Amino acid sequence: MIELRKVSLKYGDREILKNISLTIKDNAIKAILGPSGVGKSTILKLMLGLIKPNSGQIIVDGTDITSMTETSLYAIRRKMGMVFQGNALFDSMTISENLGFFLRENMKLPEKEVNRRVTEQIQFAGLEGYEEQLPESLSGGMRRRVAIGRAMIFKPHMILFDEPTAGLDPVSSKKILSLISSLRNDNNLGAVIVTHIIDDVFNVADSVAVLYKGEIIFDDSTEKLHKATHPFIRSILSDKILEL
Amino acid sequence: MSTQHLPARALELIRIFQEKLILELKVFFFTMQEFFWFSTRAFVAIPKAKRYWRDVLDQAKICGADSLPIVMVSAISIGALLAIEVGNLLEDFGAKTMLGRSTSISVIRELGPLLMGLMLSARFGSRNGAELGAMQISEQIDALRAFGTDPIAKLVTPRLVAALIMFLPLTALSDFAGLHSAAYMAEHYHRLDPGIFWNSVYPRLAPRDFVVGFLKAPVFAIIITLVSCFNGFSAKGGTAGVGRSTIKGIVVSSGLVLIANFFVSKLVLENM
C-alpha cells in the first residue's frame, strides 16, 4: 500500500502540489486524473522517491521513504514497476536486453531464469519475433508493451503508469488498457495510472483521484465520479479529454 | 527627467544588479555543491567498476582507440609547426642544434598532453554530454533509478575508469608522434642531421619533464569525464537542452584543462 500524507511540493516559487493526501491499495487500479502539467507525473516520481517533497510523508508498505537515502530507496523501488510516459527504453539495447536488464543488474538470477522470464514477457506483450530488434524499430504501441513488460518482469507489487495511452492510436490504446486490466485480474497486481484521458479511467480504474490546481478535488470510486458536483469535474465529464 | 530622480534610479539599478548577482552566486555555489557530490559518488563507485567491465571496455575503445586519429593528427601538426618556427628562431642565434631540446621539452611537458586534453574534451566530452543528456531527457536515467540501479555507478564510473586508463597511453603516443614529426621537419626543412636532433633530445630530458607531462593525463581524464557527464545529467528542456548542456560541458572542461595545465606544470617544476 502507498500513502501520501499532506504532501506539498514547490519548484521555485511555483506550487505544484498543495497538501495532498492519497491512499493506493494493493490489488486495485487507481487513476490520477488531471489536465497536462498539473503535477500528475510528479506524484508517481514522489512515490518512487525520485524526487523529495517539501513537506509531508510518503509511506510505502508501512515505511516512510521521505527521508531515505538514494541507496536505501533501491529496495523500496523494486516493489514498484514504472512505465514512463516516453517509455524510457534503453535505446542501445535490444528488446530482450531491455527486458532482462534489471534482472541481471539487481536480482542476480541465474541466466536460465532470466531467459525464461524474458520469454514469458515477450509472449505476454505479444512481441514474438522482435526479441533482437532495437526499440527504435518498433511502433509506439509495441514500445509501450515492452515498457510494461520491463516493469512487470521482476514481479513488483504495484505498477505505476505515466499516461499509458498518450500518443497511441485507438487500437494500440485498447490493447494497452486490456493489458493493464489483466495485471489486476490475472496477475493480482495493483496499479496507479496517471492520465488526462477520462475514458481510460472508466475502462480500467477501480477508483480515481482528480488533481486540479495542485489539490485533490475528488477521491473515490469511478462510479461516484459521475455524481461529483465540482465544476471542473462536470466540465471534464462533458469534454472527456482534458485540454486545459 | 529631473536630476533629483537620478540617484533614486541609480540606487534601484544597483539593487536589481545586487539581487541578480546574489542569485547567480547562489546558483553557482549550489551547482558546485551538486558537482562535488556527483564527483564523490563517481569515485566511491570505482570498486563497482568491475561489475560493469563491459561498459569500461566500450568506453576505453571510445576514448582510446577511436580518439587516436584526432590525437595523432593534432600532435603531428603541432610538432611539425613547432620545429619550423622554433628552428627559424634558433637559426638567427646560430643555435639550430638546440632544436631537438626545445621542441622535446615543449611537446612532452606542454603541447602533447594539452592538445590531447583539448581534443578529448571535444571528442569524448561532447559524446558523454550528448549521450547522457539524451538519456536524461528521455527519462532513461530516471528509469535506472526507478528500477534500483545507481546511474552514476553504471554510466559515469565506467567512463571515468576508462579515461584514467586510456589517457596515459594516448599522452605517450601524442608525445611520440609530435617528436617524430618535429624530427622529420628538422631533417627535411632545416636540413639538420637527425643524429644532432636526437642527441639534443634524449640525454637532456629529465624525469621531471615526463612527470609534468604524464601527471596531466589523469588530471585531464578526471576533469573531462566528470564535467561532461555532470552536464549530461543536468540536461533539461528537450533537444535544445541537450545541445546547451553538451556545449557547456565542452567549454567548461576545455577551460579547466587549460587552467589545470598551467597549475600542474607550475606545481611540478617548482617542487622537482
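Letters A, B, ... are given to chains in the order of the sequence lines, protein chains preceding strands, and every chain is numbered from 1. Note that the structure is a prediction, hence the values are computed from the model and not measured.
Rounded to the nearest 0.5 Å, atoms CG (A:Leu48) and CG (B:Asp142) are 9.0 Å apart. Between B:Lys154 atom NZ and A:Phe90 atom CZ the span is 8.0 Å, to the nearest 0.5 Å.
Shown here for B:Ala146 and A:Leu50, the closest heavy-atom pair between the two residues is N-CD2, 3.9 Å.
Side-chain contact, A:Asn87 with B:Glu139: no donor N or O sits under 3.5 Å from an acceptor N or O.
No more than 12 heavy atoms of other residues, nucleotides or ligands shown are found within 6.0 angstrom of OH on A:Tyr130. For B:Arg54, the CZ atom counts as loosely surrounded, since its 6.0 Å shell holds 12 or fewer non-hydrogen atoms of other residues, nucleotides or ligands. Heavy atoms from other residues, nucleotides or ligands lying under 6.0 Å from NZ of B:Lys48 number 12 at most.
A salt bridge links A:Glu70 with B:Arg145: at least one charged nitrogen is closer than 4.0 Å to a carboxylate oxygen.
Proximity of a side-chain donor or acceptor of A:Asn106 to a complementary backbone N or O of B:Phe147 within less than 3.5 Å is detected.
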(Q) For a side chain to side chain contact (heavy atoms under 4.5 Å, CB included) check, start with the C-alpha distance between B:Gln140 and A:Leu89, then their side-chain angles and the critical distance, and finish with the verdict. (A) CA-CA 7 Å; B:Gln140 291 178 53; A:Leu89 297 176; over 6 Å; no
Q. When you look at A:Phe102 and B:Leu144, which way does the side chain to side chain contact (heavy atoms under 4.5 Å, CB included) test go after all the steps?
A. CA-CA 9 Å; A:Phe102 293 106; B:Leu144 284 171; 4.3 Å; yes
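With a threshold of 4.5 angstrom between heavy atoms, B:Ser138 approaches chain A through N, CA, C or O but not through any side-chain atom. Proximity to chain B (any heavy atom under 4.5 Å) is shown, for A:Leu160, by neither the backbone nor the side chain.
Residues B:Thr149 and A:Tyr74 have side chains not in contact (no heavy-atom distance under 4.5 Å, counting atoms from C-beta outward).
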